[in-house]
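Read through the structure below, which is laid out as structure tokens, and then see the notes.
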Amino acid sequence: MTLSVATWNVNSIKARLPNVLDWLKEAQPDVACLQEIKTVDEGFPRLEIEDLGYNVETVGQKTYNGVALLSKRPIEEISQRALPGDEDDEQARYIEAVISADQGPVRVASIYLPNGNPAPGPKYDYKLNWMKRLKAHAKALLALEEPVILAGDYNLIPRDSDVHDAAAWEGDALIRPDSRDAFAEILWLGYSEAFLQADGRAHQYTFWDYQAGAWQRNNGIRIDHLLLSPQAADRLKSVEIAKAVRGKEKASDHVPFIGVFEL
DNA sequence: ATGGTCGGTCCCCGA
């Protein structure tokens, strides 16, 4: 059996509910990690999504951020409701679950990594510090020697070929050398980027801005990623960017990115 | 070269 795991920044679950329900029905991912739900837990349209056969867990907040984890397989445990390392961090950006798959437990996180603009500045400092905390936690997870899938909007462009025009993004928090170094440090721990492993093509995007006709001109960036522990990477069969989702009515500015695993 | 769009909340912020 296969396990498909998707990540999708929906940019408000309330504004996006018809699109989200349509896509879940059509793509039938086993696990879907959502970001920017932009609601408190009580405002999440839980029943509509449960009706499609999903277990639903959320870490919401008012107006901004908020993450959710949907799973057709049983959720054994919510192992984290926040990224460890800063008790005072009140932003809802991390949820992690242990999910029952056919060949044993799989740990999946839904991550909304801070944007970090404008850079430099306090928001950029927060981003880099958050990435440092993510690295420390990712390292601890590796010691479990389990399949771990860190799925989310990383607000990070890994290579110059992951953007239509890298020069136009120079200085932006999504592409700055310090951001890229922090991302690379997580990979150097022993994580694999699913897209690079299973596809790797240049100029494949997961986000197109609402402004300036970015979608019509294919001015996109690839910032939604799955990071895999060795036990997950060994089982990765394929990846897919659900690009057609961006062309729908009332689309999010991000599209789903899916990994299919033999797990 | 510039201006352009969403969503949530409330008269502007974040992306």
Side-chain angles (χ1 to χ4, degrees), chain A residues 7-23 33-46 48-49 58-68 83 89-94 110-131 134 151-158 162-176 178-180 182-183 205-225 241-257:
Chain A
T7 182
W8 188 12
N9 180 323
V10 296
N11 185 18
S12 168
I13 189 63
K14 290 179 187 171
R16 214 65 59 213
L17 188 59
N19 300 47
V20 170
L21 294 176
D22 284 350
W23 182 74
C33 298
L34 308 183
Q35 299 88 34
E36 279 207 273
I37 61 173
K38 290 187 170 177
T39 176
V40 294
D41 295 335
E42 299 72 41
F44 193 87
R46 157 180 297 274
E48 291 91 330
I49 290 172
T58 61
V59 171
Q61 87 179 67
K62 192 182 169 184
T63 310
Y64 303 119
N65 311 317
V67 288
L83 182 64
D89 186 358
E90 291 179 347
Q91 300 191 26
R93 296 181 175 277
Y94 191 90
S110 180
I111 295 174
Y112 181 44
L113 205 145
N115 176 294
N117 282 306
K123 292 191 174 176
Y124 189 57
D125 294 342
Y126 175 68
K127 176 179 194 158
L128 292 180
N129 186 53
W130 208 93
M131 295 181 86
L134 181 60
D153 175 2
Y154 281 75
N155 271 312
L156 186 110
I157 300 165
D162 295 314
V163 49
H164 69 284
D165 178 9
W169 284 79
E170 194 179 344
D172 191 281
L174 277 60
I175 204 168
R176 289 176 84 89
D178 287 343
S179 300
R180 280 188 168 165
F183 185 71
Y205 309 131
T206 63
F207 169 95
W208 294 260
D209 202 283
Y210 288 124
Q211 298 186 62
W215 166 244
Q216 289 75 10
R217 298 162 192 243
N218 196 28
N219 288 347
I221 53 178
R222 192 172 68 82
I223 57 174
D224 298 275
H225 309 300
I241 297 172
K243 187 174 179 183
V245 170
R246 186 65 178 81
K248 306 261 186 187
E249 280 291 304
K250 291 266 291 174
S252 170
D253 39 9
H254 296 249
V255 298
F257 174 59

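Numbered from 1 within each chain, the chains take letters A, B, ... in sequence-line order.
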message: Please determine whether a side-chain nitrogen or oxygen atom of A/R16 lies at a distance below 4.0 Å from atom OP1 or OP2 of B/dG7.
response: yes
- request: Would you mind building the protein contact string for nucleotides 10-15 of chain B? One character per nucleotide, 5' to 3', B for base within reach (heavy atoms under 4.0 Å), S for sugar-phosphate only, - for untouched.
  value: ----SB
- prompt: Taking only residues two or more places apart in sequence or in another chain, which ones pass side chain to side chain contact (heavy atoms under 4.5 Å, CB included) with A/Y126?
  reply: A/D89, A/Q91, A/R93, A/P114, A/W130
Main-chain N/O of A/N11 paired to A/R16 side chain as donor or acceptor, under 3.5 Å: yes
- prompt: Expressed in whole Å, how much space separates the C1' atoms belonging to B/dG14 and B/dC10?
  reply: 15 Å
statement: For A/L128, the side chain to side chain contact (heavy atoms under 4.5 Å, CB included) test, sequence neighbours excluded, returns A/Y124, A/D178, A/S179
- request: Could you measure between the two P atoms, the one in B/dT2 and the one in B/dC6, and give it in whole Å?
  value: 23 Å
task: With C1' as the reference atom in both, quote the distance from B/dT9 to B/dC13 in angstrom, rounded to an integer.
output: 9 Å
message: One pair to check against side-chain contact (heavy atoms from CB on, under 4.5 Å): A/K243 and A/N218. What are the steps and the verdict?
response: CA-CA 11 Å; A/K243 187 174 179 183; A/N218 196 28; 3.9 Å; yes
- prompt: B/dT5 C1' sits how many Å from A/K250 NZ, rounded?
  reply: 12 Å
query: Between B/dG7 atom C1' and A/L17 atom CG, what is the distance in whole Å?
result: 15 Å
- prompt: With distance as the sole criterion, is a donor-acceptor pair present between the side chains of A/N219 and A/W208 under 3.5 Å?
  reply: no
statement: Rounded to whole Å, CZ of A/F44 lies from P of B/dG8 at a distance of 13 Å
message: Is it the case that the ring center of A/H225 lies less than 6.0 angstrom away from the ring center of A/F183?
response: yes
- request: With P as the reference atom in both, quote the distance from B/dG8 to B/dG4 in angstrom, rounded to an integer.
  value: 22 Å
